[in-house]
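See below for the structure under consideration.
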Amino acid sequence: MMDSMETDITSGTPPIQLQFEDNRLVPLLFGAYNEHLARIEEKLDISVIATGNRIAIHGRSEAAEAARICLSALYDRLERGLEIQPSDVDAAIRLAEADTTFEGGGDGATKRVSATLSGEEVHIRTRKRVINPRSAGQRAYVEALNRYELVFGLGPAGTGKTYLAVAKGVSLLLEGTVERLILSRPAVEAGGERLGFLPGDMRDKVDPYMRPLYDALHDMLPTDQVAKRIERGEIEIAPLAFMRGRTLARAYIILDEAQNTTPVQMKMFLTRLGEGGYMAITGDLSQIDLPRGTPSGLAEALKVLQNVDHIGMTHFTSRDVVRHPLVTRVLNAYAAFEDAPPETSAPKQKNRGKIEEVP
């Protein structure tokens, strides 16, 4: 972060000035050794000059406005008595960028980002934690999960599609809105892998495919509660093939990895919804592991249902990835490679992506 007035201003626009009233909160806002400010500078490609409780934000007008929204929302979070972690800063940056790009910024965007960060408007409450959206895509997804009985979450890995759907299902189960939580996915091996014969009973055979769903469950509920609810049948984890012939009333049903369903399987699954039931279907159409020539049921369903009312469809992008920052870069690199003309190679990067051999 720049701490002097020797700032390279290339945008030609005046800096955005901010002043924070509570001097006790300013160090928490800036972070230890100004790490939060440095993170915002790096992500938004702007520069921040801090003098006491005043800051000046230099850079492109859109990026500077996003930084203003981000810092204002984080300061509001501190005023509410909430802490700021690096993940909160990243979330504020993602939300501020989206609201600046699509909404034009302003006080309305600041209030929206602040409300999202604090969980004031959109959140999911489970036994172990309250989950707030960490990106604009997640915010739209949670809004859809709260509004519709059938929701599609579509997009790349790391965007929280399955995690948030499980959180919503657990929340409805705890409050008694539904009587069962059913988690399912097709038992298709990833990327052409062949795992071969798996020993044990049926549960032993299908558990490896269901592990991501178990992981999400344990993040929402204490371990003993997960085991007890599974034993009582309140939580059921089963491969898609087990859904045939059932009518699932007062249940929250999640279909994960839906891109690996066939059209027949997808139609079968969609027609399982019973009275008082909810469905969340998640998938990534760039990660289809079906045999060559087999159409994806998810792709077909999106076309068939695109004009049907009362169905939520949220499309995530790499901007919504909330895992390690490298995941976003990897996804963007693959997108650039796949979009490049056949006769050209992926764009070269200066001294980046170099693989060194280890002796």
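The side-chain contact (heavy atoms from CB on, under 4.5 Å) check on R147 picks up nothing, with sequence neighbours excluded. With sequence neighbours left out, the side chain to side chain donor-acceptor pair (under 3.5 Å) criterion links D320 to S135. Partners of T247 by side-chain contact (heavy atoms from CB on, under 4.5 Å), not counting sequence neighbours: none found. Under the rule for a side-chain contact (heavy atoms from CB on, under 4.5 Å), the partners of T126 that lie at least two apart in sequence or sit in another chain are I124, R129, I131, A167, V170, M220.
Counting only heavy atoms from C-beta outward, the side chains of D90 and R134 never approach each other to under 4.5 Å. The closest side-chain heavy-atom distance from I237 to L217 is below 4.5 Å. Using a 4.5 Å heavy-atom cutoff, the side chains of M266 and I281 are in contact. You'll find the side chain of L154 reaches within 4.5 Å of the side chain of L298, heavy atoms only. At least one side-chain heavy atom of L173 sits under 4.5 Å from a side-chain heavy atom of I235. Looking only at side-chain heavy atoms (C-beta outward), L183 and T162 stay at 4.5 Å or farther from each other. Inter-residue side-chain proximity for R229 and L181 is flagged as unmet; no heavy-atom pair is nearer than 4.5 Å. Proximity of I253 to R246: side-chain heavy atoms (C-beta onward) are nowhere separated by under 4.5 Å.
Heavy atoms only, all atoms of each residue included: A64 and G59 are closest at CB-O, 4.3 Å. Contact between P239 and S184 at its shortest, heavy atoms only, is C-OG, 3.4 Å. Taking both residues in full, the closest heavy atoms of K161 and T282 are given as O-CG2, 3.7 Å, listed atom of the first, atom of the second, then distance. Annotation for S318 and P156: closest pair N-CG, 4.2 Å, computed over non-hydrogen atoms. A280 and A165 make their closest contact through CB-CB, 3.9 Å (heavy atoms, listed as atom of the first residue, atom of the second, distance). Across all non-hydrogen atoms, the minimal contact from L74 to D88 is CD2-O, 3.9 Å.
One hydrophobic cluster, built from ILVMFWY side chains closer than 4.5 Å, holds both M313 and V308. Residue I311 is grouped with residue V304 when hydrophobic side chains (ILVMFWY) are merged at heavy-atom distances under 4.5 angstrom, including chains of intermediate members. Hydrophobic clustering (side-chain heavy atoms under 4.5 Å, transitive across Ile, Leu, Val, Met, Phe, Trp, Tyr) groups L305 together with L285.
Between the NE2 atom in H36 and the CD1 atom in I84 there is a gap of 5.5 Å [rounded to 0.5 Å]. Note: I40 CD1 to D45 CG = 13.5 Å, rounded to the nearest 0.5 Å. Considering CZ of R127 and CG of L174, their distance stands at 5.0 Å, rounded to 0.5 Å. In this structure, OG1 on T261 lies 11.5 Å from CG on D256, to the nearest 0.5 angstrom. Rounding to the nearest 0.5 angstrom, the gap separating the CG atom in L71 from the CD1 atom in I16 is 10.0 Å. One distance of note links CG of L255 with CZ of F269; it measures 4.5 Å at 0.5 Å rounding.
Taking the six-membered ring where the residue is Trp, F20 and F30 present perpendicular rings, their angle passing 60° and hence far from 30°.
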Please assess E175 against R125 for the test side chain to side chain contact (heavy atoms under 4.5 Å, CB included), listing each intermediate value before the final yes or no.
-> CA-CA 10 Å; E175 67 185 38; R125 184 179 299 276; over 6 Å; no
Could you walk me through whether L248 and M243 pass the side chain to side chain contact (heavy atoms under 4.5 Å, CB included) test, one step at a time?
-> CA-CA 9 Å; L248 303 170; M243 296 295 105; 4.0 Å; yes
Could you go through the side chain to side chain contact (heavy atoms under 4.5 Å, CB included) check for T177 and Y252 one step at a time?
-> CA-CA 9 Å; T177 302; Y252 195 96; over 6 Å; no
Applying side chain to side chain contact (heavy atoms under 4.5 Å, CB included), run through V142 and K168 and close with a yes or a no.
-> CA-CA 8 Å; V142 173; K168 183 61 180 178; over 6 Å; no
E300 and K303: CA distance, side-chain angles, deciding distance, salt bridge (charged side-chain N to carboxylate O under 4.0 Å, His left out) verdict = CA-CA 5 Å; E300 181 182 270; K303 295 176 183 177; over 6 Å; no
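In R250, the CZ atom is crowded: over 12 heavy atoms of neighbouring residues, nucleotides or ligands sit closer than 6.0 Å. Atom CZ of R232 has more than 12 neighbouring heavy atoms from other residues, nucleotides or ligands inside a 6.0 Å radius. Other residues, nucleotides and ligands contribute only 12 or fewer heavy atoms inside 6.0 Å of the CD atom of E83. Other residues, nucleotides and ligands place no more than 12 heavy atoms under 6.0 Å from the CD atom of E231.
For the pair E41 (side chain) and V48 (backbone), a donor-acceptor distance under 3.5 Å is present. At least one donor-acceptor pair closer than 3.5 Å links the side chain of S118 to the backbone N or O of S114. For the pair Q265 (side chain) and T262 (backbone), a donor-acceptor distance under 3.5 Å is present. Side chain of E275 to main chain of A249: no donor-acceptor pair is present (N/O by atom type, distance under 3.5 Å, no hydrogens or angles). No donor-acceptor pair under 3.5 Å is formed between the side chain of R39 and the backbone N or O of V89.
Applying the ring pair (Phe, Tyr, Trp, His ring centres under 6.0 Å) rule to pairs touching residues 132-162 yields Y141-F316, sequence neighbours excluded. Listed by first and then second residue, the side-chain hydrogen bond (donor to acceptor under 3.5 Å, both in side chains) pairs involving residues 306-316 amount to none (not counting sequence neighbours).
The closest side-chain donor-acceptor pair between S87 and Q85, if any, does not fall under 3.5 angstrom. Using a 3.5 Å distance cut-off with no hydrogens or angles, the side chains of E21 and Q19 do not pair a donor with an acceptor.
Classification of R80 and D76 as a salt-bridged pair holds, one side-chain N sitting under 4.0 Å from a carboxylate O. Ion pairing between E65 and R68 holds under the 4.0 Å rule for side-chain N and carboxylate O.
Each of L18, L29, V26 was evaluated against I55; a single residue qualifies, L18, per the side chain to side chain contact (heavy atoms under 4.5 Å, CB included) test.
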